[in-house]
Amino acid sequence: MALNWPGEILAQADFYWDYSLRPRLQGLTDAEFYWEPLPGTWTVRQLPDGRHAPDSAPTEPDPAPVTTIAWRLGHIVVDVLETRINWHFGDRTLSRDTIDWPSGADEARQRLQVAYRTWADHMYELGEEGFATPVGGAEAPQWSEFPMVVLVLHLQREIIHHGAEIALLRDLYRARG
């Protein structure tokens, strides 16, 4: 029996989206979105030009800092999905330095919904041939020779990983004393 590998891979992503991530984001408030569970937690802040951007450092500290839901959800929206959609299927103008990160829970959920559906629609259109095509110049040089399926699987791991962290932060927020 021949398997439709792109279909199976994307069905896993859709299952996670439909039954795990999207439901866990329902009811997310701005207070939870920006909650800093520890001193020194990285978050998203408004810049002097009005844009919102994540806390960061030239090299990631070791150990990595704890991050807010705003930081983690913004990472999924901006770094994992929106910039990748723009670079693989758009005009390649977006970057972490120019894009405005979500400024609140409602905006983050809305942008995530649009970005996830847009990315998934593009992935379904690629099919097996597109999944086998090298990533090329839309990614950093170390990715260029890998087939698209490697990037798709990496991004799914990112979404699942950070989605689980967001769920845990919501649990901790709810259970705080």
Side-chain angles (χ1 to χ4, degrees), residues 9-57 60-61 64-124 138-139 151-176:
I9 291 166
L10 297 171
Q12 179 191 55
D14 284 342
F15 183 88
Y16 178 72
W17 171 254
D18 290 336
Y19 295 100
S20 294
L21 184 56
R22 191 173 43 84
R24 286 291 285 168
L25 295 175
Q26 291 175 353
L28 179 67
T29 66
D30 285 346
E32 284 179 277
F33 187 70
Y34 281 111
W35 176 58
E36 296 185 20
L38 299 168
T41 298
W42 279 8
T43 191
V44 173
R45 301 183 196 281
Q46 189 169 19
L47 301 174
D49 68 5
R51 288 183 312 112
H52 292 80
D55 290 335
S56 62
E60 187 173 313
V66 172
T67 56
T68 62
I69 292 173
W71 196 101
R72 292 168 198 265
L73 192 50
H75 173 62
I76 295 171
V77 170
V78 173
D79 294 332
V80 175
L81 294 170
E82 288 179 342
T83 54
R84 294 262 173 30
I85 292 164
N86 179 259
W87 276 76
H88 286 273
F89 306 103
D91 62 9
R92 296 186 179 189
T93 57
L94 295 182
S95 75
R96 193 176 220 218
D97 297 328
T98 61
I99 198 165
D100 188 18
W101 278 46
S103 63
D106 289 342
E107 179 188 353
R109 276 196 313 274
Q110 185 273 331
R111 283 175 62 180
L112 179 63
Q113 171 76 31
V114 170
Y116 177 77
R117 282 287 23 119
T118 301
W119 178 257
D121 289 348
H122 282 298
M123 293 304 98
Y124 278 109
E139 294 290 331
L151 178 65
V152 170
L153 290 169
H154 169 66
L155 297 183
Q156 284 184 199
R157 283 190 307 268
E158 281 285 290
I159 292 168
I160 291 168
H161 168 84
H162 292 299
E165 292 171 331
I166 291 165
L168 175 61
L169 282 170
R170 291 203 73 193
D171 292 342
L172 293 171
Y173 181 85
R174 185 186 69 243
R176 71 193 190 290

Completion exercise
side-chain contact (heavy atoms from CB on, under 4.5 Å) with F33: of I166, L73, T68, only one passes, and it is L73
Exercise for the section: Using the side-chain contact (heavy atoms from CB on, under 4.5 Å) rule, pick out the option among V78, L47, V44 that qualifies with H52. Expected result: V44
Practice task
Answer whether the closest heavy-atom distance between the side chains of T118 and L81 falls below 4.5 Å.
Solution key: no
Handout entry: Close side-chain approach of T83 to R96, heavy-atom, < 4.5 Å
Key = no
Fill in the blank from the handout: The side-chain contact (heavy atoms from CB on, under 4.5 Å) partners of P37 (sequence neighbours excluded) come to W35, T41, V66, L169
Exercise for the section: Work out which heavy atom in Y173 is nearest to a heavy atom in A31; give both atom names and the distance. Expected result: OH-CB, 3.4 Å
Holding to salt bridge (Lys or Arg N to Asp or Glu O under 4.0 Å), I want the full list of residues that pass it with [X], two or more places apart in sequence or in another chain.
{"X": "R84", "answer": "E139"}
{"X": "R92", "answer": "none"}
{"X": "R51", "answer": "D49"}
{"X": "D100", "answer": "none"}

Exercise for the section: Answer yes if the side chains of E165 and H162 hold a donor-acceptor pair under 3.5 Å, and no otherwise. Expected result: yes
Handout entry: salt bridge (Lys or Arg N to Asp or Glu O under 4.0 Å) pairs, two or more places apart, involving residues 9-26
Key = D14-R117, D18-R22, R24-D171
Exercise for the section: Go through the steps for H122 and H88 under the test side chain to side chain contact (heavy atoms under 4.5 Å, CB included), then give the verdict. Expected result: CA-CA 9 Å; H122 282 298; H88 286 273; over 6 Å; no
Problem - Parallel, tilted or perpendicular: ring planes of W71 versus H75, cut at 30 and 60 degrees - result: parallel
